[in-house]
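Side chains are part of it too, since the values below use all heavy atoms of this structure and drop only hydrogens, waters and symmetry mates. The model shown is predicted, which means the values in this text are computed figures rather than measured ones. Lettering of chains follows the sequences in order, A, B, ..., and the numbering in each one begins at 1.
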Amino acid sequence: MKKILIVDDDKIFLKIFRDALSKTHTDAFEVVVAENGQEGLDKVQQEKPDLIVLDIKMPKMDGIEFLRALKENNPDHQLPVLISSNFSDADKVSEGLELGVKGYVVKSDYSLDGIIERIEGILNDNVSGQ
Amino acid sequence: MNGELIINVVVGLVAFAAVVILLWREHLFRVRTQQNEIKTRRKLYELAILQDIGDKMGYSFDVERVVGIITGSLRQFIEYTTVSYVLQRDDSYHVTIDLNNPVSKKYIQHIRIQMKQSLETLLDREIRDKEIHESVKGAFVLEEAPDEPCSYFNIPLVVNERVVGLLHISHIKAEIYTEEDMAILYKIVSQASQAVTKLEHVVQTEQSKLSALISSLHDGVIMTDREHTVLIANPAVREILGVAEGGDVNLFDHQVFQSGRFDIVGALTESIAQDTVVTVYDVKIHDRSFKVVVSPVKGESDIVKGKILGAVIIFHDVTQEQEIERLREDFNAVMIHELRGPLDGIKKISEVMRADGVGDKKAYDDYVRMIHESSSHMLEMVNDLLDAARIKADRLELSPRPSKLSQVIEGRLGFFDVAAQDKHITITSHISEGIPDTHEFDPIRIEQVLNNLLSNALKFSEEGGAVRVDVFGHAKGGVLSHEAQTAGVEWFVGDSEDERFGDRDDCVVVSITDSGVGMSQEQVRVLFGRFDQKNVLTQNKKNKSLGLGLVIVKGIIEKHGGIVGVASKEGKGSTFYFSIAM
C-alpha cells in the first residue's frame, strides 16, 4: 500500500478526492492530508509518504515555498511531487517544474480519475526506475 | 455825382478787397493743400518703404540682415554716393562700405573717420583700430574720383536700448540732404530697430518658455547635434543617468550606454541618417525601465529648412506602468484561480455523485452542502468583482434611506456568530449612549461593509481571540481621540486621525477592532493611504487573494460621504473604522 500526502487547503477537494480514492482504490492507497505547506513539511517527517499531491495557493506556506523548504531540508530527496492546482499561467507551471516536481496538473482540466491515473503513473515510473 | 463816385469807388474797393481776400484765401488753401499733399505723399512713401523692408525682413531678428535690407532699399528714395554701416559683433566692429559711385581712397578714409568718431561719441569710449574689421564693396575705388564727401549724415542703430551700430550715408554734392530726408531715414531705421527689439523679446521669451518646459519635463530629454555632441540635457535626464548637476552628459562615456544594454549611438545614427523616429522599449537604467524615443530634429529657418540638424532623445519612465501590468497579470491569474476552484469543486462533486449514485444519505447531504457552498462562494466573488468595477468607474449606486445602525450591526454579529464560535472568538458590540440611532444610509451596502470588515477581523484573529465593534459620535470641531476615550472605545487608533475628523460635520464612527497579528506601519500606510491601483494590486499579490474587500469598503463609505481608516499595532491587532454622517 502506497502512502499519499495531499497538501491542499481546499476542503472540498480533500473530501471528494479521499472519497473517490476510498471507493475505487481502497487497498491501493493510504491518504494523509495537510492544509498548508508548514503542516505538509511536518507530515512528510511523520508519515514518510511515497508521493505528494501539492496545491500551490495555500495560507501560511504556499506550494512553491513548501518545495523550496523540502529541498533545503533534504537536498537529495527522491520524494515524487505532483502539483495539482487551479493556477494555469506558465510562470507558475515552470516555477514548479524547475523545483523538480514530477508533473503539474491543472485541477479543472482533470477528472478525479485522471488525477489518480497520473499518481499511479508516477509511482509506477518510480518503481520501474529503481 | 460825387457821392455816386465815392460810392462806386467804395464799392469797387470793397469788391477788389473781397476778390483779393478770396484769392489770398484760395492761395493759402492751395498752399496748405499742397503741403498736405506732399506730407501725405511722403507718409505713403514712408509706409511703402517700411512695408517693403518689413516684407523682406520677415521675422529675421538678425540686425546685420535688417541693416542689409535697409541699405539695399535705400536707393528707392534717397540719392547717395556711399552707404556704410558698422555693427558690433562679439568684441569687434564690422564696417561695410557700399559704393554707389566710384570714389577715391581718401573719400573712404573720410567715411571711416566720420563713422568712428560718431560711434565713439555714441558709445562714449575710444575704439581702437584693431577692433575694426572693414569691407568695401560696390563701385570701383579710383584715384581720380571725388575724394571728399560734401554731404553726410549718421543714424545710430539701437536694439534693446543698446547702440549696436551706425548707418552712414554720404554724397559728393553739398547740401543735398534735407532735414526731412534724414528724418524719414531715421524713422525707418528706428522702426526697423524696434521690430528687431520686439522680435528679440519674443524669441527670448519663447526660448525661456521652451527651456523652462524642457527643464520641468518629467521625461529625460537630450538634444544632440549631427555629431552626437550633447547640446541640451534637462535635469530629469541627469537624474536618470545619475550625472551630478554641472557634470557633462556624454553619450560615449556614460556607463549606462557603454554597458551594451542599449546602443544609444546606433539609435542616434539610424535616426539621423534615415530621418526616422527610433523607439527602443524597455531600456534598463539603474533598476528603472524606460521607453527611449530618438527623433531627428529639422531646421525651420530658410537656410537650414528641412535639413537634419541633430536629434532629440526622450527617456520615458515606464517602470510603474510595467509593474502595474505585471500586477494586473497576477491579479488575473488569481482571479481565474479563485473562480476555477469552486467551479471545479462542483464539477468533481457531480463526478463522484454520478459514479456513486445517491445511495448514502449522509454523503448525499454533504455533497449538496458542498455544491451550495461552492456556488455561493463563487457568486460572492463575481459580485465583488462587479462592485469593484462599479467603484472604479464611479458608478456605484446607493439606495439610502433612514435606517437603524444598531439593528444592522446586531444582524451582522448574529450572522458571524457561528464562524466566531468555530474559532472560539468572542464578538462584542459597544454602542455609545446618547447618539441617534437612525441615520440616512444604504443598509444593504453598510451590511456589506460590516461583512467585509468582520470576516477580515475573524480571519486575522487567532483562536480564542476577541473582536469588538464600537459605535460613538463625533461632533464638528471635536477631537476624535478624546471623543473615543470618553465613549470608552478600545481601539488602536491614536491621535493621528484627529486632524482628519476635526472639521467634519457631526457623524457616527463605527470601529472594528481585532486581536490578531496586526500590521506594520508600512502595511497600514499602503492599505488605506492611497488606494491607487498599484497599492491594491500589490496587496492582492501579497495576500494571494483578490483583495477586493477593502476596495469595496472604501468605495461604499466614500460614496456615503464618510471616512475610512485603519490603525494597527504589530502583534496586538488592528482597528478598521468608518464614519456615517448624522
Are more than 12 heavy atoms from other residues, nucleotides or ligands located less than 6.0 Å from atom [atom1] of [X]?
{"X": "A:Lys102", "atom1": "NZ", "result": "no"}
{"X": "B:Glu462", "atom1": "CD", "result": "no"}
{"X": "A:Glu72", "atom1": "CD", "result": "no"}
{"X": "B:Lys569", "atom1": "NZ", "result": "no"}
{"X": "B:His372", "atom1": "NE2", "result": "no"}
{"X": "A:Lys11", "atom1": "NZ", "result": "no"}

Roughly how far, to the nearest 0.5 Å, is the NZ atom of B:Lys348 from the CG atom of A:Asp10?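 Reported to 0.5 Å precision, the distance equals 9.5 Å.
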Which atom of B:Met370 lies closest to which atom of A:Ile16, heavy atoms considered: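 Nearest heavy atoms, B:Met370 then A:Ile16: CE-CG2, 3.8 Å.
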Compare every heavy atom of B:Tyr367 with every heavy atom of A:Asp19, then report the nearest pair and how far apart it is.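 Shortest heavy-atom separation between A:Asp19 and B:Tyr367 comes out as OD2-OH, 2.6 Å.
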Going by heavy atoms in the side chains, are A:Ile12 and B:His377 under 4.5 Å from each other?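 No - every pair of side-chain heavy atoms lies 4.5 Å or more apart.
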Would you find a donor on one side and an acceptor on the other, under 3.5 Å apart, between the side chain of B:Lys347 and the backbone of A:Ser108?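 Yes, the answer is positive, given that a donor and an acceptor are paired below the 3.5 Å cut-off.
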Is B:Glu351 reaching over with its side chain to a backbone N or O of A:Leu112, donor-acceptor style, under 3.5 angstrom?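 Judged by distance alone, yes, a pair lies under 3.5 Å.
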Examine whether an atom of A:Tyr110 lies under 4.5 Å from a heavy atom of chain B, and if so say whether it belongs to the side chain, the backbone or both; otherwise answer neither.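 When you check distances to chain B, only backbone atoms of A:Tyr110 fall under 4.5 Å.
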Where on A:Lys15 is there a heavy atom nearer than 4.5 Å to chain B: the side chain, the backbone, both, or neither?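 The side chain, not the backbone.
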Walk me through whether B:His337 and A:Ile56 qualify under side chain to side chain contact (heavy atoms under 4.5 Å, CB included). CA-CA 10 Å; B:His337 176 273; A:Ile56 294 286; 5.9 Å; no
Residue B:Asn332 versus chain A: region with a heavy atom under 4.5 Å: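 Neither part, no heavy atoms under 4.5 Å.
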